Amino acid sequence: MNFEYILKCVEDTKNMAKDIAPFIKNNIIFLNGEIGAGKTTFTKYLVEIYGLNDEVCSPTFSLENRYNTKNGLIIHFDLYRIKNEEELDMIGFYDTLKEDATILIEWADKFNIEKYIKNYKIISFKIHDSNIRYVTIK
Ligand SMILES: Nc1ncnc2c1ncn2[C@@H]1O[C@H](COP(=O)(O)OP(=O)(O)O)[C@@H](O)[C@H]1O
Ligand SMILES: [Mg+2]
């Protein structure tokens, strides 16, 4: 699976989420990209597309949010405030990775977590001009 998207507005993010939703179900997905690149926005639409009309908040402070959708559990992590791998272990991160769920991880590239995971996908967001975002999915 290799996709590329150019997003000009949040509607484009929603359409991209619709497109790839079937391919990423029950996978571990790294959401990479700078602050404001659109990682949480993507998660918000995926929760909606999987059939839950809950408000999606950034887990920057809660670290982990869970959504019980019609298409299974979505677990949303934000590792921005996590300092090191010991701290990751302390919040139960590695145990959570074994759960049967669609697991979305913002700032996954801060750590070397791919060495603990066999299968994962990477969605990279890059802000180009003010409102143009490039996305690659691998
Ligand atoms: N495709 C897009 N087009 C325009 N604005 C966007 C897009 N995606 C996100 N945004 C806006 O950018 C801001 C930050 O988005 P957010 O998803 O919180 O970023 P991140 O989680 O990567 O820090 C929000 O105000 C959001 O509405
Ligand atoms: Mg975010």
Side-chain angles (χ1 to χ4, degrees):
M1 188 183 86
N2 253 324
F3 292 115
E4 277 182 20
Y5 287 88
I6 295 172
L7 311 177
K8 297 191 171 131
C9 57
V10 291
E11 266 302 304
D12 289 348
T13 305
K14 185 173 181 174
N15 287 329
M16 176 181 82
K18 249 186 223 155
D19 259 20
I20 67 172
F23 300 103
I24 61 174
K25 193 175 161 185
N26 284 338
N27 281 221
I28 296 174
I29 301 115
F30 297 175
L31 298 177
N32 295 337
E34 63 198 281
I35 291 181
K39 305 179 293 297
T40 301
T41 303
F42 170 79
T43 304
K44 177 184 124 183
Y45 287 127
L46 194 72
V47 168
E48 189 183 311
I49 288 155
Y50 278 2
L52 182 72
N53 285 319
D54 255 17
E55 199 186 333
V56 170
C57 303
S58 173
T60 307
F61 294 94
S62 61
L63 306 176
E64 177 192 323
N65 291 337
R66 285 169 181 256
Y67 304 94
N68 255 311
T69 80
K70 289 182 186 141
N71 277 281
L73 180 64
I74 290 183
I75 304 174
H76 181 202
F77 278 104
D78 186 338
L79 308 185
Y80 186 69
R81 293 172 60 84
I82 304 278
K83 287 184 209 73
N84 49 49
E85 292 192 11
E86 289 74 60
E87 211 176 310
L88 267 184
D89 198 19
M90 255 159 50
I91 66 161
F93 178 77
Y94 299 109
D95 290 333
T96 302
L97 291 180
K98 295 177 201 139
E99 287 189 47
D100 198 13
T102 304
I103 303 177
L104 301 163
I105 310 167
E106 294 192 35
W107 295 99
D109 53 352
K110 264 186 75 175
F111 302 101
N112 244 333
I113 51 179
E114 56 270 23
K115 69 182 175 213
Y116 302 102
I117 310 171
K118 276 194 229 89
N119 287 305
Y120 57 90
K121 295 189 166 72
I122 305 177
I123 306 182
S124 302
F125 295 80
K126 200 162 173 40
I127 300 180
H128 176 58
D129 258 357
S130 51
N131 266 328
I132 309 262
R133 288 159 164 87
Y134 288 137
V135 181
T136 58
I137 303 161
K138 284 182 193 151

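Just so you know, ligand 1 is whichever comes first in the structure, and atom 1 is the first atom listed for that ligand. All of these numbers come straight from a predicted model, not from anything done at the bench.
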**OP:** Return the protein residues near ligand 1 (heavy atom under 4.0 Å from any of its atoms), ordered by chain and residue number.
**Re:** Leu7, Cys9, Val10, Thr13, Glu34, Ile35, Gly36, Ala37, Gly38, Lys39, Thr40, Thr41, Glu106, Asn131, Arg133

**OP:** Show your working on side chain to side chain contact (heavy atoms under 4.5 Å, CB included) between Leu7 and Met16 and close with a plain yes or no.
**Re:** CA-CA 8 Å; Leu7 311 177; Met16 176 181 82; 4.2 Å; yes

Original post:
Would a line drawn from the ring center of Tyr67 to the ring center of Tyr50 be shorter than 6.0 Å?
Top reply: no

**OP:** Using the test side chain to side chain donor-acceptor pair (under 3.5 Å), find all partners of Asp19 that sit at least two apart in sequence or belong to another chain.
**Re:** Tyr5

Original post:
What protein N/O/S atoms are found closer than 2.8 Å to the Mg ion (ligand 2)?
Top reply: Thr40 OG1, Glu106 OE1

Check whether any side-chain heavy atom of [X] lies under 4.5 Å from a side-chain heavy atom of [Y], and answer yes or no.
{"X": "Leu73", "Y": "Asp100", "answer": "no"}
{"X": "Trp107", "Y": "Asn32", "answer": "no"}
{"X": "Ile105", "Y": "Phe93", "answer": "yes"}

Original post:
Does a sphere of radius 6.0 Å around NZ in Lys118 hold more than 12 heavy atoms from other residues, nucleotides or ligands, not counting ones at 6.0 Å or beyond?
Top reply: no

**OP:** Under the side chain to side chain contact (heavy atoms under 4.5 Å, CB included) rule, collect the residues that match up with Asp89, sequence neighbours excluded.
**Re:** Tyr94

**OP:** For the pair Lys39 and Ile123, evaluate side chain to side chain contact (heavy atoms under 4.5 Å, CB included) and give the outcome as yes or no after the intermediate values.
**Re:** CA-CA 9 Å; Lys39 305 179 293 297; Ile123 306 182; over 6 Å; no

